[in-house]
Amino acid sequence: MAESQRTLISPAVLARPRGKALYWGAFTLVMVVFTLAFIGPLYWMVTSGLKSSQEFAQTPPTLVPGEVRTDNYSEAWSVLDLAQLLLNTCVYAFGALAFMLVFDVAAAYSLSKLRPVLGKAILGAMLATLMIPATVLVVPQYLTVLDVPLIERNLINSPWVIWLPAVTNAFNIFLLKRFFDSIPRELMDAAAMDGASPMRTLRSIVLPMSRPILGVVSIFAVVAVWKDFLWPMLTLPDPSKQTLNVGIYSLGASVPENQLIAALAIASVPTLVIFLVFQRNIMHGLTAGSLKG
């Protein structure tokens with residue numbers, strides 16, 4: 001006999017007309033509140049970029065633009081040179097992604113399957129860094145990129161100043177390791193019996209099975225670089241090499257506020273598209289390694 005599932009409201013109550021009315025009323029209220037909380041700011045940003053300067057400064061603000069000014073977006077694109085800023089950000093984001101996939105996958109694979117000496121201590125030290133606020137690390141990181149130890153190079157205004165700090169992501173390493181832990185040990189032993197080296201096993205068995213979690217950490221890596229503001233502002237003072245967020249902030253004082261809002265709306269499009277396209281992959285990848293077997 002199948003065990004019945006207990007819920008907050010029993011099926012008997014839901015079957016009654018009053019129960020159905022209460023259920024759908026609560027459901028509708030929650031959906032409306034959350035929709036307004038999340039979609040409201042996006043709607044305000046997009047519509048504010050379509051208003052004239054006078055309507056944008058009007059009090060109280062209008063919910064729907066009285067006169068749609070689509071030229072605000074084209075002027076923001078050209079005046080703020082968003083094409084160059086977008087190109088710079090893509091170079092930084094996908095370069096960081098490439099380095100992250102190489103080094104974080106190697107670290108997670110070593111901790112999960114190769115099991116080095118003091119591997120648990122190393123993983124614990126990595127996870128401990130997640131408890132440190134990111135702003136606390138800004139000063140030591142900045143002093144490091146000013147004069148990198150051993151090679152004695154200044155990385156300011158170079159892509160390396162974004163790529164190298166992005167590699168050391170303890171959260172991504174933890175996610176990858178948890179997924180690698182769920183891969184049956186029998187597959188690894190069978191590959192070893194066939195004469196496959198650890199590198200061949202990683203390339204031919206582990207990585208093809210790890211596409212969901214690789215997609216998740218890839219999205220996290222790209223979005224983290226895309227939305228970062230403080231670190232690029234400190235390390236990329238050259239206007240021609242700045243990221244999208246820093247470039248809009250630097251040039252925002254020279255354009256009207258409605259065009260600035262239009263530029264912010266354009267800057268938010270890529271990350272929204274990434275989320276909408278890959279939202280299923282994000283949820284599947286985060287839960288794929290939760291159970292072994």
Side-chain angles (χ1 to χ4, degrees), residues 93-145 148-151 155 160-225 228 231 278 281-293:
F94 289 100
L97 170 61
F99 283 103
M100 185 277 299
L101 287 177
V102 172
F103 291 100
D104 287 9
V105 166
Y109 179 69
S110 300
L111 294 171
S112 175
K113 299 303 181 183
L114 303 184
R115 298 182 180 178
V117 179
L118 300 178
K120 292 184 178 180
I122 295 173
L123 178 62
M126 288 183 180
L127 295 179
T129 62
L130 296 177
M131 303 297 106
I132 304 175
T135 51
V136 174
L137 301 176
V138 169
V139 172
Q141 284 183 343
Y142 185 78
L143 295 177
T144 301
V145 299
V148 181
L150 300 180
I151 63 174
L155 302 182
W160 294 101
V161 81
I162 302 295
W163 294 342
L164 293 183
V167 171
T168 56
N169 193 309
F171 182 67
N172 286 345
I173 294 175
F174 175 72
L175 288 180
L176 290 166
K177 180 187 178 299
R178 289 292 298 168
F179 189 92
F180 293 163
D181 288 342
S182 69
I183 297 177
R185 188 69 191 179
E186 290 77 8
L187 291 176
M188 314 295 294
D189 295 337
M193 292 177 63
D194 290 338
S197 64
M199 185 60 67
R200 177 64 185 273
T201 303
L202 172 65
R203 185 173 65 252
S204 301
I205 296 178
V206 176
L207 291 182
M209 296 180 64
S210 305
R211 290 176 182 173
I213 195 63
L214 290 177
V216 170
V217 297
S218 297
I219 293 170
F220 285 171
V222 170
V223 172
V225 175
D228 196 10
W231 183 249
F278 296 104
N281 302 70
I282 294 174
M283 297 306 300
H284 178 63
L286 288 175
T287 58
S290 59
L291 296 175
K292 289 189 176 183

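In this chain, numbering begins with 1 at the start of the sequence shown. All of these numbers come straight from a predicted model, not from anything done at the bench.
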According to the interplanar angle, ranging from 0 to 90°, do the rings of W160 and W163 count as parallel (below 30°), tilted (30 to 60°) or perpendicular (above 60°)? perpendicular

Run the numbers on L130 and F174 for side chain to side chain contact (heavy atoms under 4.5 Å, CB included), then give the verdict. CA-CA 11 Å; L130 296 177; F174 175 72; 5.8 Å; no

Report yes or no: does S112 contribute a side-chain atom to a donor-acceptor pair with the main-chain N or O of A108 at less than 3.5 Å? no

Residues forming a side chain to side chain donor-acceptor pair (under 3.5 Å) with S218, sequence neighbours excluded: none

So, applying side-chain contact (heavy atoms from CB on, under 4.5 Å) with F179, which one of L214, I213, V206 is it? I213

Side chain to side chain contact (heavy atoms under 4.5 Å, CB included) between L123 and L127, intermediate numbers included: CA-CA 6 Å; L123 178 62; L127 295 179; 4.2 Å; yes

Which heavy atom of L111 sits nearest a heavy atom of G119, and at what distance? CD2-O, 3.5 Å

Within 6.0 angstrom of R203 CZ, more than 12 heavy atoms from elsewhere: yes

Say you draw a straight line from CE of M199 to OG of S204; how long is it, rounded to the nearest 0.5 Å? 11.0 Å

Looking at side-chain heavy atoms only, is the closest gap between F103 and T168 below 4.5 Å? no

Closest non-hydrogen contact found for L187 with I205 is O-CD1, 4.0 Å

Looking at every non-hydrogen atom in both residues, tell me the closest pair between N169 and A166 and how far apart they are. CB-O, 4.1 Å

Heavy-atom closest pair (I173 atom, A107 atom, distance to 0.1 Å) is CD1-CB, 4.1 Å

Full working for side chain to side chain contact (heavy atoms under 4.5 Å, CB included) between V225 and L97: CA-CA 9 Å; V225 175; L97 170 61; over 6 Å; no

Donor-acceptor pair, Y109 side chain versus L207 backbone, under 3.5 Å? no

A quick test of your reading: do over 12 heavy atoms of other residues, nucleotides or ligands sit less than 6.0 Å from CG of L118? no

Quick check: does any side chain N or O of K113 sit under 3.5 Å from a backbone N or O of I183, one acting as donor and the other as acceptor? yes

If every non-hydrogen atom of V138 is compared with every non-hydrogen atom of W231, which pair is closest and at what distance? O-CZ3, 3.8 Å

Heavy-atom nearest pair, M100 first then V217, reads CE-O, 3.5 Å

